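Protein chains get the first letters and strands the later ones, always in sequence-line order, with residue 1 at the start of each. For clarity, every value in this text was computed on a predicted model and none was experimentally measured.
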Protein chains: 4
Amino acid sequence: MKIIIKSCFYLIIIVFQCSLVTAQDLPEWQPELTETWEPVPKQVFSNPESPIPSDATILFDGSDLSQWEDSEWKIDNGVLHVEPGTGGITTKDSFGDVQLHVEWRIPEDVDGQSQGRGNSGIFLQGLYEVQVLDTYENATYTNGQAGAVYKQYPPEVNASLPAGEWQAYDIYFEAPVFREDGKLIKPAFMTVMHNGVYVQNHVEVKGPTILTGLPEYRKHEAELPLNIQGSRHKLAFRNIWIRKL
Amino acid sequence: MKIIIKSCFYLIIIVFQCSLVTAQDLPEWQPELTETWEPVPKQVFSNPESPIPSDATILFDGSDLSQWEDSEWKIDNGVLHVEPGTGGITTKDSFGDVQLHVEWRIPEDVDGQSQGRGNSGIFLQGLYEVQVLDTYENATYTNGQAGAVYKQYPPEVNASLPAGEWQAYDIYFEAPVFREDGKLIKPAFMTVMHNGVYVQNHVEVKGPTILTGLPEYRKHEAELPLNIQGSRHKLAFRNIWIRKL
Amino acid sequence: MKIIIKSCFYLIIIVFQCSLVTAQDLPEWQPELTETWEPVPKQVFSNPESPIPSDATILFDGSDLSQWEDSEWKIDNGVLHVEPGTGGITTKDSFGDVQLHVEWRIPEDVDGQSQGRGNSGIFLQGLYEVQVLDTYENATYTNGQAGAVYKQYPPEVNASLPAGEWQAYDIYFEAPVFREDGKLIKPAFMTVMHNGVYVQNHVEVKGPTILTGLPEYRKHEAELPLNIQGSRHKLAFRNIWIRKL
Amino acid sequence: MKIIIKSCFYLIIIVFQCSLVTAQDLPEWQPELTETWEPVPKQVFSNPESPIPSDATILFDGSDLSQWEDSEWKIDNGVLHVEPGTGGITTKDSFGDVQLHVEWRIPEDVDGQSQGRGNSGIFLQGLYEVQVLDTYENATYTNGQAGAVYKQYPPEVNASLPAGEWQAYDIYFEAPVFREDGKLIKPAFMTVMHNGVYVQNHVEVKGPTILTGLPEYRKHEAELPLNIQGSRHKLAFRNIWIRKL
């Protein structure tokens, strides 16, 4: 921030000043005063060829499941397939505040209606669910459709693509904060982009997702694994990455 | 803020400057830059003898009910008595954001239990209720006790005084804001002090108070009358004033 | 929601009940109680082939500038080119809460440093700026780099791509709300995704963007035109669409 | 909550049902479902004679300074007197989220103007100041008057009483929360009641109070001592109590 003047010079200012000396004696705002220089935000695209920011942990890029606890889900042709009825899948690592990118696809030949079309879910910290479901021209309860914070907030709009298409979530999740004695200091917040459309805007999560009754916070660890819900239906995932914030 | 220098003078500055010119050339913060001078907050205690701020509308000071729509409630000895079973009482004027002060008393000989002890309520905008009830050593559901935003938020602590004592609420209420087309732009918020103790801290009101089911906002006028709920029980009110914010 | 049973049947229940009748007399939660069915979120991808949601207004798709007031900016090969020193460009339509998508590119041969590399800005409502600048390996003040809410919030990370690459902003903007008398009821909020990375998370905008001094809100219309700032440098824009929320 | 039916009875229901069976088959809301029963808010007025809630720590009731680190301030006639020029006073105990009640008085014969009239301050966690000053008919910068969060937020109104009168603050303070690595998870919030009037409503504190420049958070302990600022002027305090939240 130093301005270096290399040359040497003489400066002679002769000022004849008479009253009234006024405003110019007061301190004046300079544009530099509202500049901030530190800390410098880290650069996250060291490789401009990749759409994945360099501070992301790649949870699944088609090659292996080394980031996940054992499960019965299978990789086929770079895609992660849910084996219906086998339970979900959980990361080995734990997370607090994150940005999560995940892509999912309900097969074109999905059969069933309402909640019966490719029903799964992204459980941040294993507790707070963004619903996965084929709700392209499929009526169900609004806080249970794709893009919903399940049983808490319907998406602002229905940004679903038809079954057979890959769909993407970009989720910004702020984990809840509890005090030692269990008091909730700050609830969780979620912003969700579905296929490039904002469908949740910083909604205040009401507590862990539950099917029946009203959600209620209970103290838990600051970081917990991510979980993708098992399903009775066939569906597939790919391109999963997460940034710790 | 102007500094006036009345004398006249000559100022001759001769500066010999060589490299390196550094930090002292950058603009410097002055304390005055973060002072704000306008608008000047209005003074609200023109009369230091009165505990009622001068910008308040006095809704009831013991003398009359001219600020209220007709009701069957009666003034006796400067105190406003609920006539059980006669319905509530509603202001003539309408309000948006307000600070409300109200004092209430459940009679010493109150009979009944749980919700049956001096049950009434302060309905901001006729819709958003702070519960009135004798809950000094009286078990009831926590979001239905005195100081609760009824059926939404229990008070942080139970600041109730025994029946027979005058109790005070100091409520800061931010009215909800709706857009022309009905979209909720900002929910209501409430802070409640009960007998000098903060029992609600800027809680986000979930919608109009309802007994059964989950509250839901519906567009309404920016300003609406204040209502005090009728009761099947005897109770009394005094010192009611309100400040438009 | 009605379950229709078409057949006709006889149901005979014979219950022998002795005391103590207990919990089963209490109402029980059913999953359906926390389902919401209305309003139904509108579907925004009627055409799955297009990445642009169907509720968006296309401000620029390469063909013409009919959505904008006259300017000296030029379309060349489907791209909108800033003519340096000619001022900015302003929409004919006005906006309140919006999602805005915009893509921009600083030419590869950009010359200059700090704020001198493709300096422009996206002014929501003509007042609240998200900075446009080549800050890929270009040091400048952090609240003045790409992805910054200019002079208010640095981006959480530097998600810039090198000059010559197309870059994208997906902005969720909540307009400020003023009361008739000028009181600020709700400040503006902004969420910004830069090249797929969240760089601003629901930050509370402090007031209209200013270069010098501290920002301060002043009452304005609920909806105002979008403006893209003029520049002394060459840069280009494409794929601009906006959704009224 | 159990309903006990003591008698024994036979119940025979014979139902002849033909289509259409409709809404009555769906689960129905019952008022009890939105009642909450636990945890029970603790009762804070075991002694209705005292205006001080029973969960408060009394920091000064006129008798001694055992709750404070050594200082040169003096008790006279149940009142705590600032000895001008001797520095401030700091609690032995540390605090996070609190309600603080404190009363203060500027002497009637105060001499000086603007910031020169009984200038002191209540520093929550020793860092976040609510200004103490005689600003009854005394012009100064608005974010430096009594009830201001110093250099950050002017009070909504000027609720000052004249010099010579006792004045009261009831402050609800939410401490900032930092993550291990220093990231600010939640800023501090403050609500201030001055002489019974809300003058700060859940304002987001911008950082530790500073005279010059813009405030900035730096990680600190979750609990820190309360400090009352020293003064060059005479003033007095009484009735200081604090509730850990």
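- Scanning both residues, D:Pro154 and B:Thr36, for their nearest heavy atoms gives CG-OG1, 4.1 Å.
- In this structure, no portion of B:Ile52 lies under 4.5 Å from any heavy atom of chain D.
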Exercise for review: I would like to know whether D:Gln152 and B:Thr34 meet side chain to side chain contact (heavy atoms under 4.5 Å, CB included); could you show each step before the answer?
Suggested key: CA-CA 8 Å; D:Gln152 299 191 17; B:Thr34 47; over 6 Å; no

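- Counting heavy-atom neighbours within 6.0 Å of D:Gln113 CD, excluding the residue itself, gives a total of 12 or less.
- For the residue pair D:Tyr141 / B:Glu38, no side-chain donor-acceptor distance below 3.5 Å is found, with atom types taken as modelled.
- Contacts of B:Gln43 with chain D are made by both backbone and side-chain atoms, with heavy-atom separations under 4.5 Å.
- Interface residues of residues 184-213 of chain B toward chain D, defined by a heavy-atom distance below 4.5 Å and sorted by number: B:Thr191, B:Val192, B:Met193, B:Asn195, B:Gly196, B:Val197, B:Tyr198, B:Asn201, B:His202, B:Leu211, B:Thr212, B:Gly213.
- Highest contact tally toward chain B, considering only D:Pro53, D:Ser160, D:Ala159, is held by D:Ala159 [criterion: heavy-atom pairs under 4.5 Å].
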Practice item. Check the pair D:Val157, B:Asp55 against side chain to side chain contact (heavy atoms under 4.5 Å, CB included), reporting the backbone distance first and the verdict last. Key: CA-CA 10 Å; D:Val157 292; B:Asp55 63 344; 4.1 Å; yes

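- Counting heavy atoms from C-beta on, the side chains of B:Gln145 and D:Pro41 come closer than 4.5 Å.
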**Study point:** Chi angles and distances behind the side chain to side chain contact (heavy atoms under 4.5 Å, CB included) call for B:Thr140, D:Glu35
**Key:** CA-CA 9 Å; B:Thr140 190; D:Glu35 296 174 358; over 6 Å; no

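- For the atom pair D:Glu156 CD and B:Arg243 CZ, the distance stands at 7.0 Å (nearest 0.5 Å).
- For the set B:Gln30, B:His101, B:Glu174, B:Lys151, the entry with the most heavy-atom pairs within less than 4.5 Å of chain D is B:Lys151.
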